Structures are given as C-alpha cells and as structure tokens.
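Remember, it's a predicted structure, so these values are computed and weren't measured experimentally.
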Amino acid sequence: MSHRHARFDGRSTSIPWNCSSRIARPMKPIISQSLAAALANLPELADAVADLPVDSTIERTRDPGHGDFASNIAMRLAKPARMSPRDIATQIVEQLEDSAELDKVEIAGPGFINFYLSAAAYHAELASILDQGEAYGRQPARERPKILLEFVSANPTGPLHVGHGRHAAFGATVGNLLEASGYPVTREYYVNDAGRQMDILGLSVYLRWLESTGVAVDFPDGGYRGDYIRDIAATIDTSGASVADDLFTDPPDGDKDEIVDALIARTKTALGQECFGNIRQQALESIRADIEDDLEEFGVTFDRWFSEQSLTTEGRIDAALAALEKSGTVYERDGAKWFRATDFGDEKDRVVVRANGSKTYFASDIAYHFDKRERGFDHLIDILGADHHGYVIRVGGGLDAMGYSADDLEVKLVQFVALYRGGEKVQMSTRSGEFETLRELRAEVGNDAARFFYVSRGHDQHLDFDLDIAKSESNDNPVYYIQYAHARIASVFRQLGERSLEWDSDNGRASLSQLNEPQEKSLMTSLSRYPEVIELAANNRAPQHLVHYLRDLANDFHTYYNAHAFIVDDAGLRDARLLLIAATRVVIANGLAILGVSAPETM
RNA sequence: GCGCCCGUAGCUCAGUAGGAUAGAGCACCGGAUUCCUAAUCCGGGGGUCGCAGGUUCGAAUCCUGCCGGGCGCACCA
C-alpha cells in the first residue's frame with residue numbers, strides 16, 4: 001500500500017540521478033566526491049553510511065559565512081554510528097584530501113561541515129560554461145529509463161482552453177528538463193477519437209450543415225454548440241450526404257443525453273454508417289489538426305498523436321484484456337466483465353466490457369498503458385487534470401495485473417487555472433463573452449509570458465493567472481525582467497563594437513583573478529548553481545525551481561550591472577568581466593530555452 | 001460520508017531527501033542615472049509558517065487529530 005501512496009509524491013517517484021559519469025565536473029560533485037573519498041577511508045562509518053546517499057547531505061549554504069556548500073552528514077550519521085556529530089565531522093575532515101578546488105573546510109554549529117571553494121574552482125566553472133555553451137547544464141545522454149511523457153490529451157471536440165495551456169506548458173517543460181538530465185523522452189498526445197462523444201461531434205457538425213441547407217434544426221442542448229462547429233460544417237466534404245429533413249418531425253423526448261442519442265441513431269440510419277462516419281472523421285481530424293497547430297505555435301510538439309481508435313483496430317484492447325484475463329483478475333457479473341480493481345487498492349471493481357459487449361473507456365486506458373510498456377518504455381509519466389486522480393490507482397492496478405508494475409506509472413495531476421483581469425476573476429463559462437481559449441490567451445499576453453506564467457507554480461498548486469501582469473511590459477513582469485538581462489548583455493557587446501573594441505576571451509580567462517567584487521562572486525556562485533537547479537527541477541518535475549532561479553540570476557546580473565562598468569580601460573579586467581557576463585548570457589539563454597521562452601538580443 | 005491536493009508577510013508565491021537567523025516579487029516608505037538600455041539598482045518596515053498534539057539533537061518540511069478551501073467518488077468520455 002505504501003508504494004502506491006508514494007506515487008502521489010514527486011520526490012519518491014523521482015528518478016535517481018547519477019553523478020558518476022559527468023564530463024566536466026560541476027560544483028557539487030567536487031564536494032560529494034571528496035566526501036565520498038574521505039568516507040571510504042573510515043571503515044568504522046561504513047555501516048552507518050550504507051543507505052545514506054552522500055549527495056543528499058550536501059546543500060548550498062544560505063549564508064556565505066558558512067562557506068559555499070555544507071554537509072549535515074555527521075549529524076545524520078550520529079545515531080547509527082553511535083558517535084557525536086562533531087567527532088564524526090572531525091574524522092571526516094581529517095580524511096579529506098587537499099584539493100586545488102577547496103580553500104578550506106570547517107566544522108561549525110552542531111556538526112555541519114562547511115566547504116569553501118577556491119577562486120580557481122569558480123574560474124574553471126566559468127570556462128566550462130563558455131566551452132559547453134548550449135550544452136552547459138545538460139547531462140550526457142543515457143539509454144534508460146526510456147520515458148514516455150503523455151500530456152494535454154484533450155478531447156478533440158473543440159479548441160484548447162486555458163487549462164489545457166497549462167498542461168501543454170508544464171508537460172513540454174518537464175520533457176525539456178528530463179532531456180537535459182539525459183533521459184530519452186518521447187512525447188505523446190492521446191487522442192480520444194472513439195466513443196459516444198465522437199458521435200455527438202459528428203451529429204453536431206451534420207446538424208449545422210443541415211441548417212445551412214435551409215432545413216429547420218432544433219439543435220440539441222447535448223450537442224457541441226460552439227461556432228467552430230459551423231466552420232467545420234462549412235469546410236468539410238459533404239458530397240454524398242443526404243439532406244435528412246425529417247429528423248425533427250417527430251421530436252425525440254427524454255433528457256438531454258437521450259435526445260442526443262436518439263438523434264445520432266436517426267442520423268446514422270438516414271445517412272448510413274459509412275457516410276456518418278465520414279463526416280465524424282473529418283470533423284475530428286479538423287479539430288485535431290487545429291489543436292496541433294495551436295500547440296505548435298505555442299512551441300509544444302509531440303512525437304506521436306496516439307489514436308484511441310487504433311487501439312481497437314490494431315487489436316490492442318483485446319491484447320490487454322487477454323493479459324488481464326490470463327492474470328485471473330477478471331470475472332463476469334450481470335453480463336459484464338469486471339476487473340478486480342479492489343485487489344490493487346481501488347474502492348470498487350471496474351467494468352471493462354459492458355453487458356452489451358462494448359468496451360469501457362477504462363478498458364482503453366489500461367490497453368493504452370499496456371501498449372506503452374509493450375513498446376519498450378520503462379517509465380510512464382501522465383500529466384492529467386486534477387479531476388482524474390481516481391484513475392491513477394485503477395490504471396496502475398491494471399499494469400500490475402498485466403505483468404508490469406504500478407510503479408512504472410507516474411501521474412502528475414495539474415490543478416486548475418483561474419484567470420484574473422483587473423483584479424477580477426474571469427468567468428470561464430462557455431457562454432460568457434470573455435475569452436477562454438488558449439489561442440486567445442496567447443494572442444493577448446504572448447507566447448513567452450504564457451509559457452512562463454504557466455510553469456511558475458508547481459503542478460499541484462492552483463494557478464491564478466494575472467493577465468494584467470503577464471501583459472505588462474514593465475518591472476512588474478518577471479518574464480521581461482529576465483529577458484531584459486539577456487538583452488542587456490547583448491547590448492554591452494554591441495557597445496563594445498561601437499567603441500571599436502574587441503573581447504579577447506583568452507585574455508579574459510587569464511585575468512579572472514581580477515574579479516574580486518562581491519557582485520562578481522555572487523554572480524559566479526549563481527551561475528555555478530545552474531546544473532543543480534536543472535537536476536532538481538527535473539527530478540521533482542518542478543519547473544518553478546528554474547523560474548525562480550532565473551529570476552535570481554537576472555537579479556544578480558542587474559545588480560552587477562548597476563554597480564560596475566564592464567567596458568573599462570584595463571583590458572584584462574574588461575575581458576574578464578565580459579567573460580563573466582558572456583557566461584551569464586549562456587546560462588540565461590539555456591534556462592529560457594528549457595522553459596520555451598525566447599531570449600531576445602534587444603528589447 | 002470516503003479518497004486526493006492545498007493552507008507561509010497586506011497580495012501573489014519560493015522554501016531542495018528535516019538543518020544554522022523562514023525568503024522573493026508586488027504594494028508602501030526613502031534613495032541612486034554627466035557612465036555599457038532606469039523594462040534597472042540600493043535601503044527600510046512588515047510573519048502565531050491554519051490550529052493542537054507527537055516524533056528528535058533540530059520541524060514550514062515527517063506522523064495524528066481538528067478547522068478552512070479545491071477536486072473526485074459511473075456499465076460518461
């Protein structure tokens with residue numbers, strides 16, 4: 001039961017990271033490797049340290065008076081080793097080898113080990129940033145685990161709304177973060193193109209077309225009423241469709257659903273299955289293509305648009321059901337086939353095949369996830385709306401039953417988005433005149449601001465999206481604040497040219513020891529944190545860490561900018577300072593690229 | 001009723017496998033530009049981390065209960 005619970009927790013489902021295979025060595029491994037080497041010389045601590053990852057004990061210090069990094073390992077080993085924290089710390093520090101990268105190591109407070117990195121270590125990091133460029137902060141590619149990231153997957157019955165925008169931005173950014181961490185990621189959009197709602201779509205389009213031929217149509221409440229339905233009706237190929245002018249002569253009664261179902265049945269009879277199916281497929285493809293265009297404009301692309309229909313036509317649902325039946329977790333009752341979901345922690349068993357022989361949506365879901373694993377993906381990440389949480393245990397249980405593991409499935413539930421304009425919450429009802437589509441939001445605030453704001457909060461937090469701030473081109477807007485730092489750096493280099501000067505980066509590298517201002521130290525520290533931030537954000541599926549980091553980095557740069565001139569007469573100092581801000585530009589650009597936000601040269 | 005998520009400054013939110021004195025932005029007050037973009041910077045006030053217990057060297061963080069908000073509990077998709 002506990003592992004099932006753990007799937008809701010981003011930390012415990014995160015993929016362990018591996019620091020042993022780095023090419024260039026960023027800052028944190030300097031500490032963890034020397035610490036590990038010291039521990040290797042202390043066999044008396046071996047048992048205590050066995051299940052304590054050294055990396056987890058190391059963190060950046062908040063207070064520069066505590067050095068650059070601190071480890072609490074001595075305190076955490078105190079109990080299992082039955083020694084005092086300070087004694088342990090003393091033994092560890094005695095075993096630390098001297099290094100050009102470490103200036104000093106101190107034991108402080110209740111038993112922290114504080115590490116002070118040398119200027120040389122920071123200078124090496126700056127050089128590494130420039131050498132690696134776009135690759136800085138990225139881990140080497142690895143083979144496994146192969147990740148399948150499914151997100152958005154909105155039903156193709158209408159345009160994307162602002163809630164889907166959050167899914168798109170979040171999913172795309174998490175995908176970028178995972179790739180930066182070296183994992184092979186495949187992005188997939190599951191198209192719910194089967195089932196009753198597709199018939200309703202087909203009916204809606206047909207009725208609008210019928211209307212356009214002059215037939216009086218009493219459009220049902222249960223149909224899709226949006227204007228886009230009329231547009232589709234006007235553009236699709238309806239040759240061969242007959243004008244069924246008697247659909248409403250004897251109006252069906254019942255509730256909203258019954259009326260729609262009756263109209264669908266009448267229309268199918270009037271047109272024939274094939275003709276109705278043809279209209280339905282055209283409508284579906286029209287909407288799906290529109291969604292794809294919308295997302296592409298938003299910088300969100302998929303490796304595959306996976307059709308739910310294909311699960312049936314390719315026999316994948318039958319394959320999954322066969323796997324289920326083989327496991328003995330399926331039984332019959334009241335003519336239906338049930339999956340014994342309660343064996344896997346669900347509240348009740350679930351129907352997979354109805355008494356009338358049709359498969360449930362749940363059957364498609366487990367078949368789709370079964371198929372993902374069958375295709376060789378090791379780890380499945382689903383980004384779903386918060387209203388889908390009941391589904392997690394069911395599908396995980398299905399994976400368990402079919403011979404895989406519920407632990408292979410990691411579900412991130414994205415909470416809802418509320419729009420604010422002028423301090424007032426924008427009502428999102430379909431009928432209100434206010435916009436609610438993603439396309440309109442992008443048009444109003446721009447792609448950059450939209451991508452940025454969407455990922456500025458964790459997925460499990462409700463998001464209040466303030467349109468006025470997102471639109472403002474002022475210091476209120478953190479997007480512009482970060483982009484402005486990037487543009488300012490580009491501007492400095494343009495200025496250099498206008499003054500007929502050139503940046504000699506080799507001279508800059510040779511002169512880095514001239515960077516002694518507090519703002520320079522602070523900026524170097526922030527830059528060196530970037531790989532750690534990427535790792536953290538990727539492991540926790542938490543793009544907001546990167547957002548906050550970039551804001552802090554931009555702040556460090558702006559502070560430096562205001563405190564010191566870069567283009568100074570002393571060529572060594574000038575080249576060194578230009579190197580520092582060139583590195584800053586690289587890191588800002590890399591971080592913005594992961595967020596899907598542009599890094600402008602001018603503003 | 002049961003399950004899941006959330007509750008941190010006036011507002012919007014960070015807070016990393018429990019760590020040292022809880023941080024940003026906005027708003028408010030006061031300052032900085034003969035100089036590389038003032039879309040910038042610096043300083044200041046501002047907190048019962050929802051409440052109450054517990055775990056331990058140490059809790060905003062973990063556990064239990066309560067209060068408040070959101071979402072869900074289909075042979076719908």
Side-chain angles (χ1 to χ4, degrees), chain A residues 5 8 11-12 14 52-53 55-57 59-63 65-66 70 72 75-76 78-79 84-85 108-112 114 155 157 192 194-198 200 257 308 334-338 347-348 350-356 358-362 364 385-393 413 415-416 420 423 456-462 464 466 469 472-478 480-481 483-485 487-489 491-496 498-499 532-533 535-537 539-540 542 544-545 547-548 551-552 554-555 557-568 581 602-603:
Chain A
H5 200 80
F8 290 100
R11 285 170 203 161
S12 49
S14 65
L52 177 64
D55 251 332
S56 76
T57 73
E59 61 182 15
R60 291 274 176 174
T61 59
R62 205 172 324 176
D63 181 349
H66 296 143
N72 61 13
M75 279 122 78
R76 291 172 63 176
K79 182 171 282 184
S84 84
F112 289 105
N114 291 339
N155 292 345
T157 55
N192 291 117
R196 177 172 173 265
Q197 62 173 352
M198 285 299 104
I200 299 175
D257 288 332
E308 182 186 358
D334 302 333
K337 286 188 178 176
W338 296 70
E347 300 163 342
K348 53 170 77 170
R350 307 288 169 175
V351 171
V352 288
V353 183
R354 298 185 187 94
N356 69 9
S358 64
K359 280 103 179 178
T360 62
Y361 189 75
F362 172 57
S364 300
D387 51 339
H388 283 71
H389 65 74
Y391 152 119
V392 180
I393 289 203
L413 299 174
Q415 296 291 331
F416 295 150
Y420 284 81
S456 64
R457 298 205 61 185
H459 65 85
D460 55 357
Q461 302 277 339
H462 294 271
D464 290 330
D466 190 319
I469 291 178
S472 76
E473 299 189 5
S474 75
N475 50 3
D476 292 347
N477 194 329
Y480 290 116
Y481 182 87
Q483 290 180 318
Y484 181 45
R488 255 186 161 176
I489 294 168
S491 173
V492 170
F493 282 93
R494 284 193 299 271
Q495 271 293 317
L496 195 67
E498 286 170 23
R499 297 188 195 183
E532 296 155 35
V533 171
E535 218 156 50
L536 175 72
N539 286 336
N540 292 348
Q544 76 272 18
H545 289 305
V547 168
H548 289 282
R551 217 250 156 227
D552 289 344
N555 184 2
F557 169 74
H558 287 309
T559 298
Y560 183 33
Y561 184 98
N562 277 279
H564 301 286
F566 308 140
I567 305 177
V568 293
I581 67 170
T602 60
M603 287 178 74

Please determine, for the side chain of [X], which listed nucleotide ([options]) has the closest atom?
| X | options | value |
| --- | --- | --- |
| A:D460 | B:rU16, B:rA20, B:rC5 | B:rC5 |
| A:T360 | B:rC75, B:rU12, B:rC36 | B:rC75 |
| A:H462 | B:rC73, B:rC36, B:rG70 | B:rG70 |

Which residue lies more 5' along RNA chain B, comparing A:A554 with A:Q495 via nearest heavy atoms: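 Going by which nucleotide is closer to the 5' end, it is A:Q495.
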
5' precedence on RNA chain B between A:H548 and A:N555 (nearest-nucleotide basis):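 By nearest-heavy-atom nucleotide position, the 5'-most residue is A:H548.
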
Backbone of A:S358 reached by a side-chain donor or acceptor of A:N356 within 3.5 Å: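 Judged by distance alone, yes, a pair lies under 3.5 Å.
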
Need one value for [X]: base, sugar-phosphate or nothing, where a base atom within 4.0 Å counts as base even if backbone is also close, heavy atoms only.
| X | result |
| --- | --- |
| A:F493 | nothing |
| A:T559 | sugar-phosphate |
| A:Q483 | nothing |
| A:A336 | base |
| A:M198 | nothing |
| A:D466 | nothing |
| A:G458 | sugar-phosphate |
| A:N72 | base |
| A:P85 | nothing |
| A:A194 | sugar-phosphate |

Reported CE-to-CD1 distance for the pair A:M198 and A:I200, which is rounded to 0.5 angstrom: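 Going from CE on A:M198 over to CD1 on A:I200, the span is 9.0 Å.
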
Reported OG-to-CG distance for the pair A:S456 and A:D464, which is rounded to 0.5 angstrom: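 One gets 10.0 Å once the value is rounded to the nearest 0.5 Å.
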
Test item: side-chain donor near acceptor, A:N155 and A:Q197, under 3.5 Å: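 Checked: A:N155/A:Q197 side chains pair up, N/O donor to acceptor below 3.5 Å.
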
Verify stack between A:F112 ring and B:rA20 base, 5.5 Å, 30 degrees: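 A:F112 vs B:rA20: stacking yes.
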
Nearest-angstrom distance, [atom1] atom, [N] to [M]:
| N | M | atom1 | result |
| --- | --- | --- | --- |
| B:rG50 | B:rG3 | P | 22 Å |
| B:rC71 | B:rA22 | P | 35 Å |
| B:rG10 | B:rC28 | C1' | 10 Å |
| B:rG44 | B:rG25 | P | 12 Å |

Output field: ring centroids A:F566/A:Y561 closer than 6.0 Å: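 Ring-ring flag for A:F566/A:Y561: true, centres closer than 6.0 Å.
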
Partner nucleotide, any strand, of B:rG3 [Watson-Crick/G-U, under 3.5 Å]: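 When the pairing criteria are applied, B:rC71 turns out to be the nucleotide that pairs with B:rG3.
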
Pair of N/O donor and acceptor under 3.5 Å linking B:rA20 base with A:N114 side chain: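 Yes, the side chain and the base share a sub-3.5 Å donor-acceptor pair.
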
Any A:S358 side-chain N or O less than 4.0 Å from OP1/OP2 of B:rC75: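 No, no such contact exists.
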
